[in-house]
2 protein chains.
Amino acid sequence: MIKLSKKVEYAILALQYIAENSSKTNTAKEIAENLTLPYEFLSKLLQTLMKKGLLVSQLGVKGGYKLAKQISEITVEELMNALDERSNIVDCADGDSNCCSRTEICDIRSPIMNLQEQINNIFKNTTIANLKNNL
Amino acid sequence: MIKLSKKVEYAILALQYIAENSSKTNTAKEIAENLTLPYEFLSKLLQTLMKKGLLVSQLGVKGGYKLAKQISEITVEELMNALDERSNIVDCADGDSNCCSRTEICDIRSPIMNLQEQINNIFKNTTIANLKNNL
DNA sequence: CAAAAATACGATTATTTTTATCCGAATTTA
DNA sequence: TAAATTCGGATAAAAATAATCGTATTTTTG
């Protein structure tokens, strides 16, 4: 619980890899091999990032991916939003007021939402570029 | 992802309930009924909290649970530790240096650990008493 | 133009984690 | 001794996560 999914973890590594090799287009295969990540899974994930505007892709031979924006401009929050629908720490944090049977008497909702915001702020204030050693 | 487990959610509600009824011992059944939580599940959970020293239990008829310490003295971090083994956002954050094949070249480990600490601080600075409306 | 190297996309499967339940034993009170 | 309760182990069900498969489409290159 309270953990990053493999998707997010792999994506961070992949984005950093692409950033380091920004002079060329990087194929999913090459990235997977160099980072020792499952190709098919990574491939899906890159496609998602492309659709969400974090990557630009080129089809066909000589195809691959490039960054659509600098990794210093991509926050962890943005990445998580791109890869997963929700990042709510509790179900009712997403605005569904009838998420649980005790909604009317639920005393913890608003303070939990506050916790949520604090966590979001951390992810909002951390970029993919920040998540690297030896800066 | 990045969400509180039901265990933690139910435990927060239960601890607050017990705090509000601290003059008596509260049975798992009563708590479950009043909060509309699954009895068996809650029951297990309370037993765990007892073993971890957050609750005191009394066996037999007239048995039940009481707080072992004030909810203003129980942090969310303490509760999560009591209920779940780990609260690491990534697997390798728990000190296992061979958790992934890319450990030696993994650039993101230390910054991720930093993220981890920031999140832990939030949970460390929030008590169960804090997680209540209208304080 | 044909073959090869890629991404694109939908479906499906496998694995793990989370949530929930069942049952029998031990304890305490009345 | 019966009832109400916690205790503890095992198991099951459900959900989420992770991974794979197969096929189509696009593009380059020989």
Side-chain angles (χ1 to χ4, degrees), chain A residues 1-11 13-14 18 24-33 35-52 54-66 68 80 83-91 94 99-101, chain B residues 1-11 13-14 18 24-33 35-52 54-66 68 80 83-91 94 99-101:
Chain A
M1 55 166 292
I2 312 294
K3 73 186 275 257
L4 297 183
S5 63
K6 289 294 173 193
K7 267 191 201 173
V8 173
E9 189 182 330
Y10 295 171
L13 291 166
I18 297 172
K24 63 190 183 89
T25 57
N26 300 272
T27 69
K29 190 175 168 224
E30 179 202 341
I31 301 170
E33 280 173 0
L35 298 175
T36 327
L37 301 178
Y39 167 72
E40 307 270 9
F41 193 64
L42 177 70
S43 186
K44 268 283 153 56
L45 190 161
L46 295 174
Q47 286 170 35
T48 305
L49 295 184
M50 188 273 297
K51 268 189 283 191
K52 294 300 173 66
L54 302 191
L55 292 176
V56 172
S57 70
Q58 190 186 335
L59 287 179
V61 181
K62 294 280 183 186
Y65 298 94
K66 297 188 91 164
M80 295 197 331
L83 292 175
D84 311 271
E85 311 75 31
R86 55 172 182 172
S87 60
N88 303 310
I89 59 176
V90 290
D91 294 337
D94 67 1
C99 63
C100 65
S101 55
Chain B
M1 57 167 295
I2 313 294
K3 72 186 275 254
L4 297 183
S5 62
K6 288 295 174 192
K7 269 191 200 173
V8 173
E9 188 182 332
Y10 295 170
L13 291 166
I18 297 173
K24 64 189 183 90
T25 57
N26 300 272
T27 69
K29 190 175 168 222
E30 180 201 342
I31 301 170
E33 280 173 0
L35 298 175
T36 328
L37 302 178
Y39 167 72
E40 308 269 9
F41 193 63
L42 177 70
S43 186
K44 269 284 153 50
L45 189 162
L46 295 175
Q47 286 169 35
T48 304
L49 294 184
M50 188 274 298
K51 270 189 282 190
K52 293 300 173 64
L54 301 191
L55 292 176
V56 171
S57 70
Q58 189 186 337
L59 287 180
V61 181
K62 294 282 182 185
Y65 297 94
K66 299 188 91 164
M80 295 197 331
L83 292 174
D84 312 89
E85 311 77 30
R86 56 179 179 160
S87 59
N88 303 312
I89 59 175
V90 289
D91 294 337
D94 65 1
C99 62
C100 64
S101 55

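Given the structure is predicted, the values throughout are model-derived calculations rather than measurements. By convention in this document, chain letters (A, B, ...) are assigned in the order of the sequence lines, proteins followed by strands, and residues within each chain are numbered from 1.
- OP1 or OP2 of D:dT17 has not a single side-chain nitrogen or oxygen of A:Tyr10 nearer than 4.0 Å.
- Of the candidates C:dT21, C:dA30, C:dA8, C:dA30 carries the atom nearest the B:Lys62 side chain, counting heavy atoms from C-beta on.
- For the pair B:Gln58 and D:dA4, the criterion of a side-chain N or O lying under 4.0 Å from OP1 or OP2 is not met.
- At C:dT7, one or more side-chain N or O atoms of A:Tyr39 fall inside 4.0 Å of OP1 or OP2 (strictly under the cut-off).
- Remark: B:Lys62 NZ is loosely packed, at most 12 non-hydrogen atoms of other residues, nucleotides or ligands lying under 6.0 Å away.
- Taking atom CG of residue B:Leu42 and atom P of nucleotide C:dC22, one finds them 16 Å apart after rounding to whole Å.
- Counted within 6.0 Å of NZ on A:Lys29, heavy atoms from surrounding residues, nucleotides or ligands total 12 or fewer; the atom is thus considered open.
- Which of C:dA5, C:dT27, D:dT20 sits closest to the side chain of B:Leu59 comes down to C:dT27.
- Checking C:dT19, D:dT6, C:dT21 against every side-chain atom of B:Tyr65, the shortest atom distance belongs to D:dT6.
- Side-chain N/O atoms of A:Ser57 include one lying less than 4.0 angstrom from OP1 or OP2 on C:dA8.
- Across D:dA10, D:dA18, D:dC21, the shortest atom-to-atom separation from the side chain of B:Lys44 is found for D:dA10.
- Taking every side-chain heavy atom of A:Val61 into account, D:dT27 is the closest of C:dC22, D:dG8, D:dT27.
- Distances from the side chain of B:Pro38 to the nucleotides C:dA20, D:dA19, C:dT7 place C:dA20 closest.
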